[in-house]
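For reference, the structure discussed in these notes is given below.
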2 protein chains.
Amino acid sequence: MLSTATLRVLLCLAEKDIDFELINVDLASGEHKKPHILSRSPYGQIPAFEDGEVKLFESRAISQYVSRKYAGKGTDLINNDPNKAAMESVWMEVESHKFDPVTMKLAWELCMKRFLFGQNGDEDVVNAEAKRLESVLDVYETRLAKSKYLGGDSFSLADLHHAPMVKFLMDTQMRQVFDARPFVSAWVADILNRPACVKVYGVPAY
Amino acid sequence: MLSTATLRVLLCLAEKDIDFELINVDLASGEHKKPHILSRSPYGQIPAFEDGEVKLFESRAISQYVSRKYAGKGTDLINNDPNKAAMESVWMEVESHKFDPVTMKLAWELCMKRFLFGQNGDEDVVNAEAKRLESVLDVYETRLAKSKYLGGDSFSLADLHHAPMVKFLMDTQMRQVFDARPFVSAWVADILNRPACVKVYGVPAY
């Protein structure tokens, strides 16, 4: 099982058609807290990224670097027009500050607690966060009724940043929250069926 | 009292030396949930921003737009070199995903609960979040021992995005967490004494 943060970077590299070497970090043995990882990612989290002299951490910073540095290759993931790029930035921020906090809590309760500690999730927390997810996605539904993608007419990092967690939640009871919103549901199908996504997951993701 | 998100945008406009009109939104009467705000900021949060046809929300997206759109004015807040800009992005992401979640909880317990509901903060929560803030800032201390600013040699959006919450916490018991780390403390003094910061707050902020 790959981390959603690592999958975010892999999806970006696939969209940009860039070759890379993936080096596994053994989280089970605590390798991510060893010096060779901390020197690359000081909070001891994956992914850590290297491209020649450039050493980065934080998946969304890595995806922005790759999109700008390799602007001429593969899919354009950041608009060249500053006004259009601004709307992509808005929805990247919405992902970071609205979508991610709620869905990380849901992923913890629905899966990670059992995977790591053999515990069941807390049903009250799941119900409360599901309500929050509904409120978050109501705004997405309004946006996607007017715009094919979150940032505008074309697929961008704003959409890509969501894909790993959306894919994860599609295999949980939260799928119904997405499916209940037709424009959100069509967007999910679109972003998870992109060739880059199929390549990374090995199967159609939706 | 201005919101830290609004202050983030005001600091950016001051650094870029851009004139603007500030329109107050009466949060006490729930104006931020009325249609004229929701049409600009669909989660009903401030600030909402307009520049001609460009209408944005999310303070960090607004600051990035202003920095790119008005690249030739005032302080350069985003490096033109993509490798250097990448490190600024990393620390913008650290602010969003490490610093902001902890400090927003602290601001809630230390101030907003009393301001909004007349309740005292929960001491156990404050102590737990203070421990987390220490861990977050330990990594900042290591970074700032090697680099004058978070993104590199020059002040950037990575520093600016922190300033409003840092300023807020300097007036609380959390100040000691910053003061206990010499490089963090010097960085706080530097960013809060910038002319733009003094202009926005009306007094030296540190």
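Here is the naming used below: chain letters follow the sequence lines, and residue numbers restart at 1 for every chain.
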**Prompt:** For residues Tyr70(A) and Asp51(A), is any side-chain donor paired with an opposing acceptor at under 3.5 Å?
**Reply:** yes
**Prompt:** Which one of Ser59(B), Ala85(B), Ala86(B), Pro101(B) has the most heavy-atom pairs closer than 4.5 Å to chain A?
**Reply:** Ala86(B)
**Prompt:** Where on Lys55(A) is there a heavy atom nearer than 4.5 Å to chain B: the side chain, the backbone, both, or neither?
**Reply:** backbone
**Asked** Is any side-chain heavy atom of Pro164(A) less than 4.5 Å from a side-chain heavy atom of Leu11(A)?
**Response** yes
**Message:** Counting heavy-atom pairs under 4.5 Å with chain B, which one of Lys69(A), Lys98(A), Glu88(A) comes out on top?
**Reply:** Lys98(A)
**Asked** Between Ser185(A) and Asp179(A), what is the shortest heavy-atom contact and its length?
**Response** OG-OD1, 3.7 Å
**Segment of Gln64(A) engaging chain B (4.5 angstrom heavy-atom cut-off)** = side chain
**Prompt:** Under a 4.5 Å heavy-atom cut-off, does chain A meet the side chain of Thr142(B), its backbone, both or neither?
**Reply:** neither
**Request:** Indicate whether the side chain of Gln45(A) and that of Lys33(A) have a donor and an acceptor atom separated by less than 3.5 Å.
**Result:** no
**Prompt:** When you check the gap from the basic side-chain N to the acidic O, do Arg132(A) and Glu129(A) get nearer than 4.0 Å?
**Reply:** yes
**Item:** Which portion of Val54(B) sits near chain A, non-hydrogen atoms under 4.5 angstrom
**Value:** side chain
**Item:** For Tyr140(A), the option from Trp91(A), Phe183(A), Tyr149(A) that meets ring pair (Phe, Tyr, Trp, His ring centres under 6.0 Å)
**Value:** Trp91(A)
**Prompt:** What part of Asp100(A) lies closer than 4.5 angstrom to a heavy atom of chain B: side chain, backbone, both or neither?
**Reply:** side chain
**Request:** Go through the atoms of Ser135(A) and report whether side chain, backbone, both or neither lie under 4.5 Å from a heavy atom of chain B.
**Result:** backbone
